Structure formats: structure tokens, C-alpha cells
Protein chains: 2
Amino acid sequence: MKKTFGGGAPPAPAALAAKVRTLAPSMTRSMQRVAEAVAGDPAGCAALTVTGLAELTGTSEATVVRTARLLGYPGYRDLRLALAGLAAQQQSGRAPAVTADIAVDDPLADVVAKLAYDEQQTLADTAAALDTVQLGAAVTALAGARRVDVYGVGASGLVAQDLSQKLLRIGLIAHAHSDPHLAVTNAVQLAAKDVAIAITHSGSTGDVIEPLRVAFEHGATTIAVTGRPDGPVSQYADHVLTTSTARESELRPAAMSSRTSQLLVVDCLFVGVAQRTYETAAPALSASYEALAHRHRP
Amino acid sequence: MKKTFGGGAPPAPAALAAKVRTLAPSMTRSMQRVAEAVAGDPAGCAALTVTGLAELTGTSEATVVRTARLLGYPGYRDLRLALAGLAAQQQSGRAPAVTADIAVDDPLADVVAKLAYDEQQTLADTAAALDTVQLGAAVTALAGARRVDVYGVGASGLVAQDLSQKLLRIGLIAHAHSDPHLAVTNAVQLAAKDVAIAITHSGSTGDVIEPLRVAFEHGATTIAVTGRPDGPVSQYADHVLTTSTARESELRPAAMSSRTSQLLVVDCLFVGVAQRTYETAAPALSASYEALAHRHRP
DNA sequence: AGCCACGTGAAGAAAACTTTCGGGGGTGGT
DNA sequence: ACCACCCCCGAAAGTTTTCTTCACGTGGCT
């Protein structure tokens, strides 16, 4: 049997380059060529078979295998696996270069990476900044509500609809309004046991503030989901849930990240309510699931 | 546009877990066992040979190879390399603390953290799995479109509306339909230079497939945004954009993460188109911004 | 100069991977 | 309820890749 240099039994994880340097002096010329290739381009070498690497380095398969052994692996196969791992690490290591803004001439791959990164950031920010006390109060109000009205226009209108759709699924009587007139008309109907929710990024969207004010004055519990907790909308809100505001740019309108943030808040509301009303929510959820099943094709 | 799922793009690096979830439904039982093992313990499986993995999962070598193929690799050897890379990445990465499911009695703070984490994960998965070639083709089609119709019902309907709202803002003629009858009626109008987009998580929502089919048969360029790229909807899609599928649970319906994933894809489409049509998009964007300004209160 | 030791690659053996093929089980139709 | 069909699945044959053996050549040392 041969002796295993490189110390103990376990093969090298990421310290491969170092090991190559350490062991290089004890290597023969052709083995050095192999080791050099391996250390220089792990990703490239990982794609090669023994024969391929042998040809690339102008040596033979036997030499490649010998080198692998010297580096502490049972054979070339395992060296290759380690190489793949190393390559992946290096790959992921130089990831966080995506903080830059999206430019007009960015390739699509960059656009995808940047958008995903930004939205992830927005989520983290929102979660960190969300006031769980306010959230809890809002959930309590919703869980006991006779009726829920949600106001939102433009991009926030979709979030409002999303929330009402979800609440409907767990048995609440929820309605989303994006028509300001109808919203006000309905707000008049609200009373003590009801809840009104206004969703507005700017915190100053008149079309949304107005119905909230009406609901507030009629004694309903009011909730504002806004990126500007100091904005006019908070005036009429019993509970304010703050969404985060990400930097925007020409190619990345504020609506994009505010939407992500709003949706997270809305999801939290939903799950919170579903928890509190689990007895009724669970059957309602599965019922709506069942009801939709036959709408799918084989 | 068939057969090679995973989108013809080069094999996945880190998006493997996501890909497994995406493709799992279209797998046979024994393939699922293999996929599960692979996704559950990348490091362990990377150490195994085909035969070993076959024995571990109680299947045959042939099945293991078939699974590797389905996941987008030429064979098991390459899957194994990817696995090694993934393992290394996980190793170097930190320990995700909040992987647990949401329970009925979780405090709200946990709910917020878990939801945020899950959605971040969904974003990362989606970005990693998104086929930029297909995306590019879709963007090109959109940028040159005379008219764009977007179909989506239920939760996906909101995404469809979000997309059409955005496209309208940069000067495209876009329309979202959630009424299946109207959608079909409108689809008949589409012709060669037009684009139809279907958004459906399940990939088998009849109400959405039907208008896409009509558009397809009338010569429009068709795009499917779906979590099941092998589903019926892809049949009538020139370009398929895959959204990722996160694990779901009772308190966390699939609609939630699929929505996040769909929105990212839709945002990418939007930014892509905005880039291509920058000359017209930029002024249109600021014009719509101006127009809304006076709707805000002091 | 001759001998020895070691590095090296060619070729064959073994292992791992891939493909083919036919049986078994489930499904849909009659 | 029965039958026919199709598709999933694993056994085994076939192919590629990896490992081992062995003999040759080179260079140094006596």
C-alpha cells in the first residue's frame, strides 16, 4: 500500500490550492502539471474525465490518478467531486456584486439577479421593521370582525384584492374596493364590530384615505398599511402597519418593491387570522381547495 | 418546445431543491423517491454511486439515471457533480434557522420571520431556475407586440393584472382577463404580431389554457408562466417561464409562494421590455408618475 | 561504462454508468 | 366484470470511465 500524504484520512475540502502548493515540491514534473491545472481551474477540470485531464496536461491517466492519490483522495473520481464542490463555493463566493442599480444595457441574467436580490432585501427589511404589537392588534380586530373592507387603488389595489380573496377563503366577509366612490358608499355601512383596511404606499392617496376616514368616524376599527406611517392616512388609523421603502430608479418603479412589502404584511395578517380562527379557517381552506379541483385538466 | 424540461438551459447549480419540487409532480413514484433522497441529503448522495443510490432508495440504476435526466443532467455522473457542488455550498453557507413550518400556536413574530424567510427562499429559487433564454425570447416578443393579452384566474389573476398595469405604463397595449369567456372572445382577435400570456401555477387551469390555445392557433406568440412546465398549458406556449414551487402547508397555501414567484417573473418581463423599448418607455413612465402626483394629499 | 532507481505511459482489468428489453401492475374502455 | 392497453420499472447486456499492472526509458551514481 501507498502512504497518504496530506496528513489524516479526510480528503481536502476547500484547502485544495494550499495543499497543492504544500505538496508540489514532492511531486514529479508531470504530476505538478496536473496539480497546477487542477488548482488553476477547478471548475474546468471538474468537467473533464481522467482521459480528458490527462490529454489537457499532456500526461497519462495513470499520472492523473497518482496525483489525485497524492492529494489525499482515493482516486480521480473523488478528486473530481471535490473539484466540483470547490467550484461551486467559488461561484457563490462572488455573488453579492448585485447591489448595483439596474441599467438599460444589463443582460437579462443580471436583471433577474438584481430584481430577486432587491425583493429579498425588501422582505428582510419589512420583516425587521414590522411592529408585531400593531400586527397582533390588527389580527385580533380582524378575527372578530363581522365584515372587512379593504381599500387600495393602483398597484395597492391588487394587494387589497389579494387580502380580501384570502380572507374570504377562511370564511371572513371581506371586500376589496378600488373604486373610491363605491368604497366611501360602503364605508358608511361599517360599524363598531367591522374592520376597514387602507393600503397605500405613499400614505397620502386621497382615494384611499377618504373611505378610511368615513369608516373611522362610523366606529369601525381601522388599519393602515403604508410606507409612510407619518402620512395623512395614519390620522384615521387605529393600527398602522409599516411597509418598507426601497430605493427606486427609472427602471425599477417604487410600486415594485412596495408591492412585495405590502404583500408580506398582508400575508402575515392572513396567517395570523387563520391561526386565531383555526377551527373555522381550516375546513374553509380545504373546502375552497376541493371546490377548485375540478377546474383543472388532467 | 417539448421534452427537455428544466428549460434546455445548462444544468442547475443551486436551484436543485427547487427543481425537484417543480418536477416532482410529473415524476413516477420511484423517481420521486430518488429525487427526495437527492434533495434531502445532497452531500450523502454525492458520495454514492448509481448502484448505491439505487439500493438506498430501493430502486434500480435505470431509475436513478432516468431521474438525473429529468432533472436536466446528461446522466448520473453530472448530477453527482452538481450534488457535490451543492453540498459544498450548503457547507460554507450558514444554518438556516427558520426552516420549520408555521404552526397554529406560533407567536406572530415567528410567523413574520418564517413567511419572510420562505418568500425570500422562493425568490432565490425562482431566480436560479429561470431560463434566461426563454425569458429573452418572451421579452423580444413583447417588445415588438402590437397588443398583449394576459390570462389568469384566482390568485394568478392578480398577477396578470399587475403585469398588464405595468406594461400599460410603458406604452404597450396590454389587457388582463380573468373572465374566461371574455378572454376567449378577445383571443380570437389576436394575430401574428400579438402576444398572449397565460399565468397559472398548476399549469392545468382550463379557464386559462383555453384562451391561450385560441391565441396560439390564431398565430399569436404565446407565453406560459407556470409552476408545471410539463403541464397541459405548455402545449400551446411558444415560450415557457417556470415559476418555482415551495413546500406548502395548511397555514401556508401554495398560492402564497407561487404568487411571489410569479410576480418576480412578471417583473423581469417588465424590466426586460422597458430596457428594449427604453426610448418610449422612459417618457411614458415619468408621464404616468406625473399624472398621479395630484392624487396625493399634502 | 554499467547498474540502479524512479518516473512515465500503454494496455488490460475492474468498476461505474448507460441502454435495452420484457415483465408486471394499474387504467380505461367495453 | 373482463380485457386490452400503456406505462412504469428493474434485470441484464453494453459502453464508457476509472484503476491497476507492467515494461520501458531516462538520469544519476558508483
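Here the structure is a predicted model, which is why all the values come from computation and not from measurement. Just the heavy atoms: all of them, side chains too, but no hydrogens, waters or symmetry mates, feed the values below. Below, chains carry the letters A, B, ... as their sequence lines are ordered, and counting in each starts from 1.
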Trainee: Under 3.5 Å, is there a donor on one side chain and an acceptor on the other for Ser30(A) and Thr59(A)?
Mentor: no
Trainee: Expressed in angstrom and rounded to an integer, what is the separation of Arg80(B) atom CZ from dT18(C) atom C1'?
Mentor: 15 Å
Trainee: Specify the separation, in whole Å, of atom CZ of Arg69(B) and atom P of dC8(D).
Mentor: 16 Å
Trainee: For the residue pair His175(B) and Asn186(B), confirm or rule out a side-chain donor-acceptor distance under 3.5 Å.
Mentor: no
Trainee: For Thr51(B), report the nucleic acid contact type (base, sugar-phosphate, nothing); a contact means any heavy atom under 4.0 Å.
Mentor: nothing
Trainee: Tell me whether the side-chain N/O atoms of Arg29(A) come closer than 4.0 Å to OP1 or OP2 in dG27(D).
Mentor: no
Trainee: Can you tell me how far P of dC8(D) sits from CE of Met31(B), to the nearest Å?
Mentor: 9 Å
Trainee: Tell me whether the OP1 or OP2 atom of dC9(D) has a side-chain N or O from Ser30(B) closer than 4.0 Å.
Mentor: yes
Trainee: Atom OH of Tyr73(B) to atom P of dT18(C): distance rounded to whole Å?
Mentor: 14 Å
Trainee: Using only side-chain N and O atoms of Thr49(A), determine if any of them is under 4.0 Å from OP1 or OP2 of dT18(D).
Mentor: yes
Trainee: How many Å lie between OH on Tyr76(B) and C1' on dA15(C), as a whole number?
Mentor: 14 Å
Trainee: Under 4.0 Å between a side-chain N or O of Ser60(A) and OP1 or OP2 of dG9(C)?
Mentor: yes
Trainee: Between Glu61(A) and Thr51(A), do the side chains contain a donor N or O and an acceptor N or O under 3.5 Å apart?
Mentor: yes
Trainee: Between Gly52(A) and Ala62(B), which has a closest nucleotide on DNA chain D that is more 5'?
Mentor: Ala62(B)
Trainee: Below 4.0 angstrom from OP1 or OP2 of dA15(C), is there any side-chain N or O of Arg77(A)?
Mentor: no
Trainee: Would you classify Gly58(B) as touching base, sugar-phosphate or nothing, given that sugar-phosphate means primed atoms plus P, OP1 and OP2, and contacts are heavy atoms under 4.0 Å?
Mentor: sugar-phosphate
Trainee: Would you kindly give the CD-to-P distance between Glu61(A) and dC22(D), to the nearest whole Å?
Mentor: 18 Å
Trainee: May I have the distance from Met27(B) (atom CE) to dC9(D) (atom P), rounded to whole angstrom?
Mentor: 12 Å
Trainee: Within this structure, what is the CG-to-P distance between Leu53(B) and dC9(D), rounded to whole angstrom?
Mentor: 15 Å
Trainee: Answer yes when Lys166(A) and Asp267(A) have at least one side-chain N-carboxylate O distance shorter than 4.0 Å, and no when they do not.
Mentor: yes
Trainee: Say whether Ser202(B) and Thr205(B), considering side chains only, have a donor N or O and an acceptor N or O under 3.5 Å apart.
Mentor: yes
Trainee: Does a side-chain N or O from Arg66(B) land closer than 4.0 Å to OP1 or OP2 of dC8(D), or not?
Mentor: no
